[in-house]
**Student:** 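Take a look at the following structure, please.
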Amino acid sequence: MRTQVGIIGAGPAGLLLSHLLHLRGISSVVLERRSREYVERRVRAGVLEQGTVDTLAQAGVGGRMLREGLPHHGIELRYGGAAHRIPFERLVPGRAITVYGQQEVVKDLIAARLAAGGDVRFEVEDVRLHALESEPYVTFGGQRLDCDVIAGCDGFHGVSRPAIPDGVLSVFEREYPFAWLGILAWVAPSSEELIYARTERGFALHSMRSPTVSRFYLQVPADARLADWPDERIWAELRARLETVPGFALATGEITERGITPMRGFVAEPMQYGRLYLAGDAAHIVPPTGAKGLNLAVADVRVLTEALAAYFADGSTTLLDGYSRACLKRVWRAQHFSWWMTTLLHTFEQDDPYARRLQLSYLDYVTSSEAAATTLAENYVGLPFDAGR
Ligand code: RFL
Ligand code: PHB
């Protein structure tokens, strides 16, 4: 079997890449370890930057997102018994975010690929990458896929990054001493906008998926286990961390999904080796406080699509050679923003009272200075593609 681009992984990065290549007349085969049902149900990100929304809409896969997604023009920072709004419409006019579940993006992309006759294979076993420096091919389940280029879009725990020989990659990593416990609940959101809450008990986030489904996160110890978090404890903790301003009451409901996510920043450089190009979580991950992971995956795929289009048009490798460099500028901006939001809002056990005062002082600055609030807002809605990479 032969294709132009062999894509490992049917997450947002792999599926969007396959779709964008198809629009340029470039063939691809997507190889995914999990079932279609599994990837369509995996609850993860919810915040789409303006540039992500525009990319999906321009690629003809944004119809349902534009109908059902919830545009948001601000977020709330809650701390010290008060609510502070960061108004995007004033600080970054014309730019906003859209709340639309990652699994909905994935469903829309799979539907588009299959409708166009795309080759997306689920439940493939034992994917291995070969001959990355010369004529690359992928083996899986006793079959062989020859390709001009391989795109490693198989997430943080995939096989693509480890296929790069030892000593090639430089790895930069930051582990946080806590995790996020996330739930999805069948209850109308108690707030119109997302609430990022900093308390002495730890951080909490109130997000949502639709007018009837809410999403919440709690900062928990890095070794927390779901078994220790029965529903009543989750709601009691969310109340304690969110019901901190007068007049706010948290509505509760049936919890339909729950999980614990470690918090980590990670970058592998360069994002390419021979004819293998890494995109999305395969190359870098961020702690979710800045809502950047999915958006970075989309940004990588935009750059890779342009580079591959140039390569398949006339054999030019200039853009492909510069792929990693072009992506990493944005990747590091997002690393910094995600680290900054995480540091600003979480409780660090090792912090002494002096460090806590510094944190509160910075929060006061961000919520009172137009310049500081604009810094948060422009990073949160996403820097424009031309300036940001
Ligand atoms: P994915 O989504 O992990 O997809 C990789 C795919 O590759 C498959 N795979 C393999 N396939 C074949 N062979 C193998 N050996 C394979 N190994 C793995 C996997 O099954 C999977 O289908 O990576 P991708 O496409 O790069 O997308 C990245 C995003 O998923 C990720 O960055 C975001 O979810 C991060 N994230 C958030 N990002 C945002 O932009 N905004 C948010 O609000 C946000 N919130 C979050 C998040 C991630 C979270 N978790 C659970 C990590 C909230 C959470 C809780
Ligand atoms: C989500 O809705 O899942 C979400 C929102 C904002 C974040 C992270 C996750 O920063």
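Just so you know, ligand 1 is whichever comes first in the structure, and atom 1 is the first atom listed for that ligand. Heads up: numbering here begins at 1 and tracks the sequence.
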**Student:** Between ligand 1 and G158, is the shortest N or O to N or O distance under 3.5 Å?
**Tutor:**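 Between G158 and ligand 1, no N or O pair is found under 3.5 Å apart.
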**Student:** Does Y217 come within less than 4.0 Å of ligand 1, judged by its heavy atoms?
**Tutor:**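 Yes, Y217 has a heavy atom closer than 4.0 Å to ligand 1.
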**Student:** Identify the closest protein heavy atom to atom 37 (C) of ligand 1: which residue and atom is it, and at what distance?
**Tutor:**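 Protein heavy atom with the smallest distance to atom 37 (C) of ligand 1: A45 CB, 3.0 Å.
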**Student:** Stepwise, does the side chain to side chain donor-acceptor pair (under 3.5 Å) test hold for H22 with S28?
**Tutor:** CA-CA 8 Å; H22 163 71; S28 66; over 6 Å; no
**Student:** Decide whether an N or O pair under 3.5 Å exists between Y196 and ligand 2.
**Tutor:**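 Yes; at least one N/O pair falls below 3.5 Å.
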**Student:** Can you check which of P288, S207, G46 brings a heavy atom nearest to atom 2 (O) of ligand 2?
**Tutor:**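 Closest candidate by heavy-atom distance is S207.
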**Student:** Taking the minimum heavy-atom distance to atom 32 (O) of ligand 1, which of D281, V127, L17 ranks first?
**Tutor:**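 Minimum heavy-atom distance to atom 32 (O) of ligand 1 goes to D281.
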**Student:** What are the atoms of ligand 1, with element, lying closer than 4.0 Å to any heavy atom of G280?
**Tutor:**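 Per the distance check, 26 (O).
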**Student:** Given Y38 and F122, is the ring-ring contact (aromatic ring centres under 6.0 Å, His included) satisfied, shown in steps?
**Tutor:** CA-CA 10 Å; Y38 183 94; F122 295 96; over 10 Å; no
**Student:** Against heavy atoms of C153, which atoms of ligand 1 measure under 4.0 Å?
**Tutor:**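 With C153 as reference, the close atoms of ligand 1 come out as 5 (C), 6 (C), 7 (O).
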**Student:** For atom 35 (C) of ligand 1, what's the nearest protein heavy atom and its distance?
**Tutor:**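 Looking at atom 35 (C) of ligand 1, the protein heavy atom closest to it is G293 CA, 3.9 Å.
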**Student:** Would you call the rings of H130 and Y137 parallel, tilted or perpendicular, where under 30° means parallel and over 60° means perpendicular?
**Tutor:**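 Rings of H130 and Y137: parallel, under 30°.
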**Student:** Against heavy atoms of N295, which atoms of ligand 1 measure under 4.0 Å?
**Tutor:**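 Answer for ligand 1: 40 (O).
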**Student:** Salt bridge check, R258 against E254: does any charged N sit closer than 4.0 Å to a carboxylate O?
**Tutor:**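 The answer is no: the pair does not qualify as a salt bridge.
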**Student:** Salt bridge between R2 and D148, side-chain N to carboxylate O under 4.0 Å?
**Tutor:**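 Result for this pair is yes, salt bridge flagged.
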**Student:** Is Q102 near ligand 2, meaning one of its heavy atoms is under 4.0 Å from it?
**Tutor:**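 False for this residue.
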**Student:** Could you tell me if any non-hydrogen atom of E49 lies under 4.0 Å from any atom of ligand 1?
**Tutor:**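 Contact absent.
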**Student:** Report yes if some N/O of R44 lies less than 3.5 Å from some N/O of ligand 1; otherwise report no.
**Tutor:**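 Yes; at least one N/O pair falls below 3.5 Å.
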**Student:** Ignoring hydrogens and geometry, is there a side-chain-to-backbone donor-acceptor pair from T98 to P71 under 3.5 Å?
**Tutor:**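 Pair absent, no side-chain N/O of T98 close to backbone of P71.
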**Student:** Which is it for T261 and ligand 1 at heavy atoms under 4.0 Å: side chain, backbone, both or neither?
**Tutor:**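 Side chain only.
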**Student:** Please check whether H157 reaches ligand 1 - meaning an N/O of the residue sits under 3.5 Å from an N/O of the ligand, judged on distance alone.
**Tutor:**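 Not met; the criterion fails.
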**Student:** Counting from 1, what ligand 2 atoms have a heavy atom of V47 closer than 4.0 Å?
**Tutor:**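 That gives atoms 5 (C), 6 (C) of ligand 2.
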**Student:** Where's the contact between K292 and ligand 1, heavy-atom distance under 4.0 Å: side chain, backbone, both or neither?
**Tutor:**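 For K292, only backbone atoms sit under 4.0 Å from ligand 1.
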**Student:** Would you mind listing which atoms of ligand 2 come within a distance below 4.0 Å of any non-hydrogen atom of L194?
**Tutor:**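 Those of ligand 2 that fall under 4.0 Å from L194 are 5 (C), 6 (C).
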**Student:** Specify whether W180 and F203 have parallel, tilted or perpendicular ring planes, treating 30° as the upper limit for parallel and 60° as the lower limit for perpendicular.
**Tutor:**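 Aromatic pair W180/F203 classed parallel.
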**Student:** Within 45° of the six-membered ring axis of F156 and under 6.0 Å from that ring's centre, is NZ or CZ of R161 located there?
**Tutor:**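 Output yes; distance and angle both within limits.
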**Student:** Measuring from L70:CG to Y100:OH, what's the distance to the nearest 0.5 Å?
**Tutor:**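 OH of Y100 is found 10.5 Å from CG of L70.
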**Student:** Quick one: does M341 get within less than 4.0 Å of ligand 2, heavy atoms only?
**Tutor:**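 Distance cut 4.0 Å: M341 fails for ligand 2.
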**Student:** Any donor-acceptor pair under 3.5 Å linking the side-chain atoms of R113 with those of S18?
**Tutor:**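 Present: a donor and an acceptor within the cut-off.
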**Student:** Can you name the closest pair of heavy atoms from M208 and H72 and give their distance?
**Tutor:**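 Distance-wise, the nearest heavy atoms are SD-CE1, 3.6 Å.
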**Student:** Below 4.0 Å from any atom of ligand 1, is there a heavy atom belonging to G182?
**Tutor:**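 Checking ligand 1 against G182, which is what was asked, there is no heavy-atom contact under 4.0 Å.
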**Student:** By number and element, which atoms of ligand 1 are closer than 4.0 Å to a non-hydrogen atom of L31?
**Tutor:**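 Within the 4.0 Å cut-off of L31, ligand 1 contributes 11 (N), 12 (C).
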**Student:** For N295 versus V47, what's the shortest heavy-atom pair and its separation?
**Tutor:**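 Closest heavy-atom pair between N295 and V47: ND2-O, 3.1 Å.
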**Student:** Side chains of R198 and Q359: donor-acceptor distance under 3.5 Å anywhere?
**Tutor:**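 Side chains of R198 and Q359: pair found under 3.5 Å.
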**Student:** Please indicate whether any nitrogen or oxygen in P12 is less than 3.5 Å from any nitrogen or oxygen in ligand 1.
**Tutor:**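 Such a contact does occur with ligand 1.
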**Student:** What are the two closest non-hydrogen atoms of V5 and F312, and how far apart are they?
**Tutor:**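 Minimum heavy-atom contact is CG2-CE1, 3.8 Å.
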**Student:** Classify the ring geometry of H346 against F348: parallel below 30°, tilted from 30° to 60°, perpendicular beyond 60°.
**Tutor:**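 The rings of H346 and F348 stand perpendicular, inter-plane angle above 60°.
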**Student:** Tell me which one of A291, A179, S160 gets a heavy atom nearest to atom 41 (N) of ligand 1.
**Tutor:**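 Result: the heavy atom closest to atom 41 (N) of ligand 1 is in A291.
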**Student:** Below 3.5 angstrom, do we get any N/O pair linking L294 and ligand 1?
**Tutor:**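 Min N/O separation from ligand 1 is below 3.5 Å for L294.
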**Student:** Distance alone, cut at 3.5 Å: any donor-acceptor contact between the side chains of Y217 and T261?
**Tutor:**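 Absent: no donor and acceptor within the cut-off.
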**Student:** What distance separates L218 CG from R201 CZ, expressed to the nearest 0.5 Å?
**Tutor:**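 Going from the CG atom of L218 to the CZ atom of R201 covers 10.0 Å.
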**Student:** For L205, counting its heavy atoms only, list the atoms of ligand 2 lying under 4.0 Å from any of them.
**Tutor:**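 Those qualifying, in numeric order: 5 (C), 6 (C), 7 (C), 8 (C), 10 (O).
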**Student:** Hey, which atoms in ligand 1 end up nearer than 4.0 Å to a heavy atom of Q102?
**Tutor:**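 Numbered from 1, ligand 1 contributes 2 (O), 29 (C), 30 (O), 33 (C), 34 (O).
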**Student:** Which residue and non-hydrogen atom of the protein lie closest to atom 9 (C) of ligand 2, and at what distance in Å?
**Tutor:**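 Nearest neighbour among protein heavy atoms for atom 9 (C) of ligand 2, to 0.1 Å: Y217 CE1, 3.4 Å.
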**Student:** Applying a 4.0 Å heavy-atom criterion (strictly less than), which segment of V39 is in contact with ligand 1: side chain, backbone, both, or neither?
**Tutor:**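 For V39, only side-chain atoms sit under 4.0 Å from ligand 1.
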**Student:** Determine, for R225 against D223, whether the closest basic-nitrogen to carboxylate-oxygen distance falls under 4.0 angstrom.
**Tutor:**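 No, no charged N to carboxylate O under 4.0 Å.
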**Student:** Is it the side chain, the backbone, both or neither of V286 that has a heavy atom closer than 4.0 Å to ligand 1?
**Tutor:**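 The answer is neither.
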**Student:** Are E257 and R215 ion-paired here, with the side-chain N under 4.0 Å from a carboxylate O?
**Tutor:**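 Judged by the 4.0 Å cut-off on N to carboxylate O distance, E257 and R215 do form a salt bridge.
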**Student:** Can you list the atoms of ligand 2 that are under 4.0 Å from a heavy atom of R215?
**Tutor:**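 In order of number, 3 (O).
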**Student:** Considering only the protein, which heavy-atom contact is closest to atom 43 (O) of ligand 1, and what is its distance?
**Tutor:**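 Scanning the protein heavy atoms, the shortest distance from atom 43 (O) of ligand 1 goes to G46 N, 3.3 Å.
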**Student:** Which residue and atom name correspond to the protein heavy atom nearest atom 25 (O) of ligand 1, and how close is it?
**Tutor:**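 Its nearest protein heavy-atom neighbour is A13 N, 2.9 Å.
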**Student:** Can you sort out which atoms of ligand 2 are near R44, meaning under 4.0 Å from one of its heavy atoms?
**Tutor:**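 That gives atoms 3 (O) of ligand 2.
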**Student:** Nearest heavy-atom pair of G293 and D281: which atoms, and what distance?
**Tutor:**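 That would be O-OD1, 4.5 Å.
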**Student:** What residue and atom, counting heavy atoms only, is the protein's closest point to atom 4 (O) of ligand 1, and at what distance?
**Tutor:**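 The closest one turns out to be G11 CA, 3.4 Å.
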**Student:** What I want to know is whether R34 and ligand 1 share at least one N or O pair that is separated by under 3.5 angstrom.
**Tutor:**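 No, since none of the N or O atoms of R34 sits under 3.5 Å from an N or O of ligand 1.
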**Student:** Can you name the atoms of ligand 1, numbered from 1 with element, that are less than 4.0 Å from a heavy atom of V159?
**Tutor:**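 So the answer, numbered in order with elements, is 15 (N).
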